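Here the structure is laid out as C-alpha cells; the discussion comes afterwards.
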Amino acid sequence: MVRHDKDLDLSVELCGIPLQTPLIPASGTLSREALGEVEGVYGAMLPKTTTPVERAGNPPPRVAETPAGMVNSIGLQNPGVERFLQGLDAFDLGIPIFVSVAGDTTAEFASLCERIGDDDRISAVELNLSCPNVECGGLAFCAGPASVEDVVGACRAALPDKPMLAKLTNEGVVENARAAESAGADGLTVINTLPALTIDVQAQKILVRGGLSGPAIKPVALRAVYDVAGAVNVPVVGSGGVASGTDVAEFMLAGATAVQVGTTSFVRDPHDILAEFAEYLVARGQGAARLTGALRGVRPTVVGGTDV
Amino acid sequence: MVRHDKDLDLSVELCGIPLQTPLIPASGTLSREALGEVEGVYGAMLPKTTTPVERAGNPPPRVAETPAGMVNSIGLQNPGVERFLQGLDAFDLGIPIFVSVAGDTTAEFASLCERIGDDDRISAVELNLSCPNVECGGLAFCAGPASVEDVVGACRAALPDKPMLAKLTNEGVVENARAAESAGADGLTVINTLPALTIDVQAQKILVRGGLSGPAIKPVALRAVYDVAGAVNVPVVGSGGVASGTDVAEFMLAGATAVQVGTTSFVRDPHDILAEFAEYLVARGQGAARLTGALRGVRPTVVGGTDV
Amino acid sequence: MKFYKVNVEERRELGSYTLLRYPWEGIVAPGQFVMARAAGFPITLDPFLARPFSYYDHDGETASLLFEVRGRGTALLDAASTIEVTPPLGKGFAVDPAPARAALLGGGIGVAPLQILGRHLEARGVTHDVFLGFADAGCSVVAGEFPGARVATVDGSVGHQGTVLDTGVELGDYDAIYSCGPNPMLAAVKLAAADENVLCQLSVEERMGCGNGSCNGCVVPVHGRGYVRSCIEGPVFDAEAVAW
Amino acid sequence: MKFYKVNVEERRELGSYTLLRYPWEGIVAPGQFVMARAAGFPITLDPFLARPFSYYDHDGETASLLFEVRGRGTALLDAASTIEVTPPLGKGFAVDPAPARAALLGGGIGVAPLQILGRHLEARGVTHDVFLGFADAGCSVVAGEFPGARVATVDGSVGHQGTVLDTGVELGDYDAIYSCGPNPMLAAVKLAAADENVLCQLSVEERMGCGNGSCNGCVVPVHGRGYVRSCIEGPVFDAEAVAW
Ligand SMILES: Cc1cc2nc3c(=O)[nH]c(=O)nc-3n(C[C@H](O)[C@H](O)[C@H](O)COP(=O)(O)OP(=O)(O)OC[C@H]3O[C@@H](n4cnc5c(N)ncnc54)[C@H](O)[C@@H]3O)c2cc1C
Ligand SMILES: Cc1cc2nc3c(=O)[nH]c(=O)nc-3n(C[C@H](O)[C@H](O)[C@H](O)COP(=O)(O)OP(=O)(O)OC[C@H]3O[C@@H](n4cnc5c(N)ncnc54)[C@H](O)[C@@H]3O)c2cc1C
Ligand SMILES: Cc1cc2nc3c(=O)[nH]c(=O)nc-3n(C[C@H](O)[C@H](O)[C@H](O)COP(=O)(O)O)c2cc1C
Ligand SMILES: Cc1cc2nc3c(=O)[nH]c(=O)nc-3n(C[C@H](O)[C@H](O)[C@H](O)COP(=O)(O)O)c2cc1C
Ligand code: FES
Ligand code: FES
C-alpha cells in the first residue's frame, strides 16, 4: 500500500504525542464500521463528537452536494458520552485516540473533560467549539474570544493532564485562536465547516442548511491555518478540504503540525492520500515534520486583502 | 440568443430602479473591452471599484485556480475616480449604470459619494466595504457594525439623492447588514470574496493570498443572502458563485432582488445563464420578481448550525 | 472509502433507463447497493460525491445496475467507459427463511433491485409475482425484463392507470412483500400492508454522503431507535420499523 | 466569455508536446492566443478556468495549438475529442512594417507561436533564423517542425548544450528579435538584446483568469504605465517596455 522508503520519515509530534503520520480523521467523518479500511493511514484516531447525553440529530435530508464540496446538517447525532466510552475500544487501532467533545454550556464542556480525564485510553481531547452555546442565545462557543476563553479555561481546569485542542470555525479565527491559547489550549484545530445553505430549486425549498466542507473550502482553511500559525505558539492541526497528498503538504507548509482528512475520505481511499504525501516527501528528501511552517518568512510581496 | 417568451417577465425593480433582467455584473469582473459580448444580459452595469486616486494594484501572480473557484489579489487596480468618470461613457449600454467606490478612510468614501452624486449618468452607488480601512489598522470597513454604520452614514449624508448599496463580506454579515440598513443603505450586496490563500506546493511558496470566488462559495453566499434578507427590510443583491440560471433562481428564492455574476462570466457566456434562468421561469410560469424570497416561511425543519 | 476501477462491459438502453454491466466477483445480496461514479482523476470534483445504486443483478462475475439519468452524476455514468465502484454495501432483503409466496412491488427506477431479488427467490423455490408502477411508457420498457409482471402507469399509456397499488395486487395473498421505489410510494405500500399479517420490507432512498456509515447523512427514523443510517442498517428495512 | 465548441481534427505527439488541430475560420495574427479547455457540461468545474495557449499555426480554416501537459487542464485537453475555444485574443507580434532580417528565439513550449510567426514573416519575404532551446531531447522533437532551426538543450542531449542563447545566435545580426518562452528566458533575451539597436519583442506568460481583460489578473509591469493586462495589450510586448 503506502511505500515506506527506509529514509522516509512520516512521523510528527503533536502536543508531545508522537504520531506515525500527520493524518488524523476529521471528527464526524469516520465510522466504527469503516475502520477496517484505514489501517496504517492515520497518526491518531478521532471519532465523532460526543455530548453529555444522547442526541438524535436533525431530520433528513442531512447532506447535499455542492460544487467541489458538500453541506451537512447532522446535528451532532451521538449516543452520549457514557455509551460512547463503552464503545471506544472499537476505535483502538493501536494509535493514540483523541476524543472530540461538545456541550450546550461551559459547565457541560468542563464535565465532559473531567469525565474523560480519567480514561487512560484517551490521549487527547478536541473541544468542538463550533456547536451552539445555549447560554449565548445559540451563537457558537467560538463566536467570540470571550466565550472561547471562558470555555477553554473551564476545560483546562477540568482536564489538567491531557493535551487539549480547541477546534475553531473560520469566522474570527485569529482572535479566537489567541483566546484559546491564552486560556490554556495545547493546540488548535482549524477550521470546522463554513455556515452554508443549499436550495432545491425545483421544489423551491431549502434542501440543507448546515456546514460546507470538502475541496471547495481548502483555500479558506489554508488562509486560516496560515494566519493562526502566525499568531500563536501552540501547534495547529489543519482541517478543511484536504483531498490529496499535496494538500496535506500545503497545510503543513502553511503551518499545520498535523492534518485532518474529512469529507474526501468519503470519495477516496485515504491510503492514496498518504501515499501521495509520501511521494512528495521522497521526491524532495524532506521528512514530514520539516514541512511545518516552511513557507513562513516567504511571505507574498503584498499581503492583499480580498479584492476589494 | 435569449428567447423572450411574450409572457416571460424578466424584469425586477431594485431600490426603485427598473432593471430589464435581475442580472448585474459583479464589480471587477467585466471590462470595458468585453462589453460587446454581454448585450441584452444585464439589468444594470457595474464597473470595477474606483478609488479617489489611481491604484497600481498588486504585483503578479494575482490569480490562482482552486477547486471550483479562484483566488484573486488584484489590489483594486484602477485609474482613480476622475479618469474613471471620464471613461464612464464606454459603459453605457442603455441600462442603468451603478458605480462601485472604495476609500481608505470614511472621509474618502464620503467624498467619492459626493463627487458621484452630481453625475447624472450614474443611477446608484455600491460601497465596497470589504476594502481595508486604514483608520482601523487595515481591518476591512465591514469588519464590524460600528465601522459599517460610520462609513455608510457618512456616505448617506454625502449622497442624499441616489440609491446606495453597501457591499458586505461574509464575516459578520447579518450584524453588518443591520448596521448598514440603519445607517441609511438602500440595499445590500451580499457577499464579496472569502479571505483565502493558495500555495505553490512545488516551489513551497505562497501563490496568491486574496479572495475566493466562483461556484465553490455559492452555498456560503446563499446562506448569507438568506439570513440577511430575513434580518433587514431593504433589498438584497446576491453575489457569490452564480454559474447557471438555476443559481440565479436559488439566490432570488433565498431573498435576493437582483443577482451578480462574477467569476463564472470568465468561463461562460452570461447569455446562457440568462437563457437558463428564463427557461426556469417559463417552465413554471413565474415572473422573475415573484421569486424573491419565495422560500421564506418554508424554513427547514431544524435550523441546524454547522455540524458541529 | 476505497473505490475500484472497472470497465463497463455492456450498456443498454431500456426505454428511459440504462442497464450497465461491469465485472464484479464475490457475493452480492439482493437489496444491497453500491456507490458508483464515472472514473475521473484521483477524484472527481464535479460531481464530488459518488452515487448510490441498487444492484439490478449479479451472476457471480458480472454486476448490473439499472439507472435513470437525473443529474450530472448519472449523466456521466451514462457516458463512461470506465467507472469506479465500491464493494456491495448495506443490508438487503430478508429472503431466509424463505417465504412461501412473495409480492415484489417496484415503482419507477425502484424496480432495479427486484430483478436480483426475483432470482434469489427463484433459487429458493419461492413463488413470486411482480407488480410495477411507472410514470409513463418510456419508463415501463424495463417491465419487459420481468416476465409476467403486472404494470401500471400514471399516465395510463401502458397497463393499468395509476400506481403500483392500482395493478390489482392483493397484498393479503402473500407471505412477504418486498418493495422499492420513491419514499412516498413506500409509505403507501406500508400503509396498505399494515392490515395484512405479512412480512413487508422496503428499500428506502435517502441522500448519502459516504455509503459506509461515516457521515450519518442517510438516516431513516426507526421506531424506538431514533435516526438510523440506511447505508449500514438498510437500505432495506422492515416496514413496521420505519417511523414514517 | 463566449466559448465555441469545436471538434479536434487531429492530435499528434511531437516528442513531449502535443499538436492539436481544430477548425477555425477568420484571421489569426501571429502571437495571438486562445483560451481553451476540454468540453464539459455547460461549464466544467474541474478545472474551472480555461487555459491560455498561443496559436501554433492557422491556415485560414484550421487552427493548431502546441502544448505540453502540465496539470489537469492540459491533461484533459490532451484526451478530449471536443474542445471549447474563444476567438483569437490579445495583440501579437509586430510584423508590419516588415523587418529585413529577424531572429526567432523560442524556449521550451514557448516555441509554439514561432511557427505561425515564421509563416507570416515568410509571406512578407522576411529572412529569418530560428533558435530554439529545450530542457531535453523529448522536448526538442518539435524542432523538426522548424527546418534549419539551431537547437540547444539544457542537458546537452541535442544540439548545443545550454539555453537558446547558447545556440550561437548573434542578436546584432538582426533587425528584429521575436521571442517566446518562460519569463526568466525572456528577461535574458531582453538583456542580451539591450545592447543592440533592434526591435525586440517578447511574448510573456502570466496566469490568466479570463483572457478578455475583465479580471486584471494577467498583468505585466510596463515602464511608466504600471501594471498592464497582458491579455489585452499583450501577450507580446516590446522588450524595452517591460519593467523586468
Ligand atoms: C440505496 C439507494 C439505491 C438507489 N438505487 C438506484 C438505482 O438502482 N437506480 C437509480 O437510477 N437510482 C437509484 N437511486 C437513486 C440515485 O442514487 C439517484 O438518482 C442519483 O444519486 C442521482 O444522481 P445525479 O447526480 O444524477 O442527480 P443530482 O440530482 O444531480 O444529484 C445531486 C445529489 O443529490 C443526490 N440525490 C439526488 N436524487 C437522489 C435520490 N433520489 N436518492 C438519493 N440521493 C439522491 C445525489 O446522490 C447527489 O448527491 C438509489 C438511491 C439510494 C439511496
Ligand atoms: C499567453 C499565453 C500563451 C501560452 N501558450 C502556451 C502554449 O502555446 N503551449 C503551452 O503548452 N502552454 C502555453 N501557455 C502556458 C499554459 O497556459 C499553461 O501550461 C497551462 O495553463 C497549464 O494548465 P494546466 O491545467 O495543465 O496546469 P496547472 O498547473 O494545473 O494549472 C493551474 C493553473 O495555473 C495556471 N498556469 C499554470 N502554469 C501556467 C503558466 N506557465 N502560464 C500561465 N498560467 C499557468 C493555469 O492556467 C491554471 O489556472 C501559455 C500561457 C500564456 C499566458
Ligand atoms: C458529515 C460530517 C459530519 C461532521 N461531524 C463533525 C463533528 O461531529 N464534530 C466536529 O468537530 N466536526 C465535524 N465535522 C467537521 C469535520 O470534522 C471537518 O472539520 C470539516 O468537514 C472540514 O474538513 P473536510 O473538508 O476535510 O471535511 C463534520 C463534517 C462532516 C462533513
Ligand atoms: C478578479 C476579481 C476582481 C474583483 N474586483 C472587485 C472589485 O473591484 N470590487 C468589488 O466590490 N468586488 C470585486 N470582486 C468581487 C466580485 O465582485 C464578487 O463579489 C465575488 O467575486 C463573488 O462573486 P463570484 O463568485 O460570482 O465571482 C472581484 C472578484 C474577482 C474574481
Ligand atoms: S451515507 Fe454516510 S452514513 Fe450513510
Ligand atoms: S486574464 Fe483577465 S484581465 Fe487578462
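Quick note: numbers below take in every heavy atom, side chains included, and nothing from hydrogens, waters or symmetry partners. It should be emphasised that the depicted structure is a prediction, and the values quoted were computed from it without experimental measurement. Here is how names work: the chains are called A, B, and so on, in the same order as the sequence lines, proteins then strands, and each is numbered from 1.
When the candidates D/M1, D/M35, D/R225 are compared by the number of heavy-atom contacts under 4.5 Å with chain B, D/M1 comes out ahead.
Proximity to chain B at a heavy-atom threshold of 4.5 Å picks out D/E206, D/R207, D/M208, D/G209, D/C210, D/N212, D/G213, D/S214, D/C215, D/N216, D/G217, D/V219 from residues 204-219 of chain D, in numerical order.
With a 4.5 Å cut-off on non-hydrogen atoms, B/P25 does not touch chain D at all. Proximity to chain D is absent for every atom of B/E54, based on heavy atoms less than 4.5 angstrom apart. Using a 4.5 Å cut-off between heavy atoms, D/L49 contacts chain B through both its backbone and its side chain. For D/R51, the part sitting under 4.5 Å from any heavy atom of chain B is the side chain, from C-beta outward, and nothing else.
In this structure, D/F3 and B/F266 approach most closely via the heavy-atom pair CE1-O, 3.7 Å.
Listed by chain and number, the residues in a salt bridge (charged side-chain N to carboxylate O under 4.0 Å, His left out) with B/R32 amount to none (sequence neighbours excluded). Listed by chain and residue number, D/F53 satisfy the ring pair (Phe, Tyr, Trp, His ring centres under 6.0 Å) test with D/F67 (two or more places apart in sequence, or in another chain).
Judged by distance alone, the side chain of B/E65 and the main-chain N or O of D/P47 form no donor-acceptor pair under 3.5 Å.
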Side-chain donor-acceptor pairs under 3.5 Å in residues 81-90 of chain B, sequence neighbours left out?
from: B/E82; atom 1: OE1; to: B/R115; atom 2: NE; distance (Å): 3.3
from: B/E82; atom 1: OE1; to: B/R115; atom 2: NH2; distance (Å): 2.9
from: B/E82; atom 1: OE2; to: B/R115; atom 2: NE; distance (Å): 2.7
from: B/D89; atom 1: OD1; to: B/R121; atom 2: NH1; distance (Å): 2.8

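Annotation: the span from B/I74 atom CD1 to D/Y227 atom OH amounts to 11.5 Å, rounded to 0.5 Å. Rounded to the nearest 0.5 angstrom, D/L45 CG and B/T264 OG1 are separated by 8.0 Å. If you take CD on B/E33 and CG on D/L89, they are separated by 12.0 Å, rounding to the nearest 0.5 Å.
D/K2 has its side chain out of reach of B/D272: every pair of non-hydrogen atoms, C-beta onward, lies at least 4.5 Å apart. Proximity of D/R229 to B/S31: side-chain heavy atoms (C-beta onward) are separated by under 4.5 Å at one or more points.
Within a 6.0 Å sphere centred on CD of D/E13, other residues, nucleotides and ligands contribute 12 heavy atoms or fewer.
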**Message:** Applying side chain to side chain contact (heavy atoms under 4.5 Å, CB included) to B/V267 and D/F48, what does each step give before you reach the verdict?
**Reply:** CA-CA 8 Å; B/V267 294; D/F48 176 56; 3.9 Å; yes

